[in-house]
Amino acid sequence: MPSKVKVKVSAVQTCPVAFDLTASLDKYEKLIGEILQKDRADLLVLPEASLSAYPRFLYFQIGTRTDDNREWFSRYVKSSVKVPLDAVGKDWLSDKPYLSIGVVERSLVGSTLWCTNLLFSPMGILLSKHRKLQPTAAERIVWSQGDATNPAADGEVEDNLPVVQTKIGKIGGLICWENYMPLARYQLYRKGVEIYTAPTADSRPTNLPSVQHIAQEGRCFVISVNQYHAPSDFPADYPPSLALSQSEKEENKAWSRGGTSIIGPLGQVIAGPLWDQEGVINAEIDLDSLHGARLDFDVAGHYSRHDTMLGLLNLPAASAEEAFQTI
């Protein structure tokens, strides 16, 4: 099915009602309805860990665990999302928006968590699931690593680095600092990603040049979306909030400033970055422009030089294509 050439995308800089799945779903349902009333988007992109929280500053001590630690982890697990093994399907029929959203996924058995990104069709059918390959630093205490594939129904497996062909283009992406992993990015480039979602929890100014580089490298559109949140967005008894002084509580200084942006295939900033508030940035992207952007650089095509790269790895030339398919 040919892609729609001009696509309206909305990057939604918001935050959940932390540790409360039901309230967060209610918030997003209302918010998305308001967005669609104002501007009919083809794709909505929400941040990393939008359901149910990015557990910022929550401290699980190395070498010891307290009852308080265990209680908060329990609350986190119970407010996370279970994704059934047979959840992934396909749909091409509706004219409603696609939705990309970051969730904290809970295992169907036990209490293991993954930082996951889900892509839904306009009919609400789950098109793809990507579990973060490598949680960063202390994230590893609460989130497990993703694998090359995910288990599916009937003993089957599904690609954990999916690029989905939809009627608005080929959509794929990575989460937060996965975007610093060259081989993970290259997998998406090899699969022809055109709309690259990059949800993140990194609100440093250095995230912008990183996603500009990815857009230029992959010759794709990049949607980098982050939460804006402050202590008041977390429960009153959240330990990092309790540790604040009264003046700090009154100031309610942002814990994540946002920085959401939309980047074109030559690294140009089309919209954003948005700082220090919840909000939505919009852009109309032209997929036809990707061909012209690849005139002088096609990362998985005429500029790839698989032959020389595999030579550096001391691999036989005959196995070149097979080897790159497995990277």
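Quick note: numbers below take in every heavy atom, side chains included, and nothing from hydrogens, waters or symmetry partners.
Checked by atom type, the side-chain pair H302/R294 shows no donor-acceptor distance below 3.5 Å. For the residue pair S224 / N207, a side-chain donor-acceptor distance below 3.5 Å is found, with atom types taken as modelled. At a cut-off of 3.5 Å, with distance as the only test, a side-chain donor of Q145 or Q134 sits close to an acceptor on the other residue. For the residue pair E278/T14, the side-chain donor-acceptor check at 3.5 Å is satisfied. Using modelled atom types, one finds no donor on one side chain facing an acceptor on the other under 3.5 Å when comparing S52 with D20.
Judged by distance alone, with hydrogens and angles left aside, the side-chain atoms of R257 form no donor-acceptor pair with the main-chain N or O of S203 at under 3.5 Å. In this structure, N69 contributes its side chain and T66 its backbone to a donor-acceptor pair below 3.5 Å. When atom types are taken as modelled, the side chain of E48 and the backbone of A201 share a donor-acceptor pair closer than 3.5 angstrom. Judged purely by atom type and a 3.5 angstrom limit, N160 uses its side chain to pair as donor or acceptor with the backbone of D147. A donor-acceptor contact shorter than 3.5 Å links the side chain of D159 to the backbone of L161. Side-chain atoms of E194 come within 3.5 Å of backbone N or O of K170 as a donor-acceptor pair. Checked by atom type and distance alone, the side chain of E251 never pairs as donor or acceptor with a backbone atom of E248 at under 3.5 Å. Although no hydrogens or angles enter the test, the distance criterion places a donor-acceptor pair under 3.5 Å between the side chain of S107 and the main chain of T112. In this structure, the side chain of Y238 does not engage the main chain of P231 through any donor-acceptor pair within 3.5 Å. Formation of a donor-acceptor pair under 3.5 Å by the Q13 side chain with backbone atoms of L274 is found in this model.
Here the side chains of I101 and L51 are in contact, with some heavy-atom distance below 4.5 Å. Inter-residue side-chain proximity for V9 and I262 is flagged as met; some heavy-atom pair is nearer than 4.5 Å. The side-chain heavy atoms of P239 and L58, taken from C-beta on, include a pair separated by under 4.5 Å. Side-chain contact between F221 and L290 is present, with heavy atoms from C-beta onward closer than 4.5 Å. Looking at L44 and I35, their side chains come closer than 4.5 Å, going by heavy atoms from C-beta outward. For the pair V225 and L46, the minimum side-chain heavy-atom distance is 4.5 Å or more.
Looking at residues two or more places apart in sequence or on another chain, you find a side chain to side chain contact (heavy atoms under 4.5 Å, CB included) between D237 and W72, R75, P235.
Among residues at least two apart or in separate chains, ring pair (Phe, Tyr, Trp, His ring centres under 6.0 Å) pairs with a member in residues 123-166 are Y54-W143.
Applying the salt bridge (charged side-chain N to carboxylate O under 4.0 Å, His left out) test between E105 and each of K129, K82, K132 identifies K129 as the sole match.
Hydrophobic clustering of Ile, Leu, Val, Met, Phe, Trp and Tyr side chains at less than 4.5 Å, counting indirect connections, unites L31 with V81. Cluster membership for I214 and L266, using ILVMFWY side-chain heavy atoms within less than 4.5 angstrom, is not shared.
When ring centroids are compared, Y98 and F120 stay outside the 6.0 Å threshold.
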Requested in this report: Test ring-ring contact (aromatic ring centres under 6.0 Å, His included) on Y76 and F19 and set out the steps.
Outcome: CA-CA 6 Å; Y76 198 37; F19 295 86; 5.4 Å; yes
Query raised in the report: Given the rule in the side-chain hydrogen bond (donor to acceptor under 3.5 Å, both in side chains) test, do N252 and S232 qualify, once you have shown the distances and angles that lead to the verdict?
Result: CA-CA 7 Å; N252 198 37; S232 60; 2.9 Å; yes
Requested in this report: Dump the intermediate steps for side chain to side chain contact (heavy atoms under 4.5 Å, CB included) on N150 and V83, then the final yes or no.
Outcome: CA-CA 11 Å; N150 295 320; V83 181; over 6 Å; no
Query raised in the report: Does the ring-ring contact (aromatic ring centres under 6.0 Å, His included) test come out yes or no for W255 and F234, once each step is laid out?
Result: CA-CA 11 Å; W255 282 350; F234 289 77; 5.3 Å; yes
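Residue-environment remark: OH (Y303) stays at or below the threshold of 12 foreign heavy atoms within 6.0 Å. Residue-environment remark: CD (E29) stays at or below the threshold of 12 foreign heavy atoms within 6.0 Å. More than 12 heavy atoms of other residues, nucleotides or ligands lie within 6.0 Å of NZ in K249, so this atom counts as buried by the packing criterion.
Classification of E178 and R185 as a salt-bridged pair fails, no side-chain N sitting under 4.0 Å from a carboxylate O. Salt-bridge check for R219 with D296: passed, with a basic side-chain N closer than 4.0 Å to an acidic carboxylate O.
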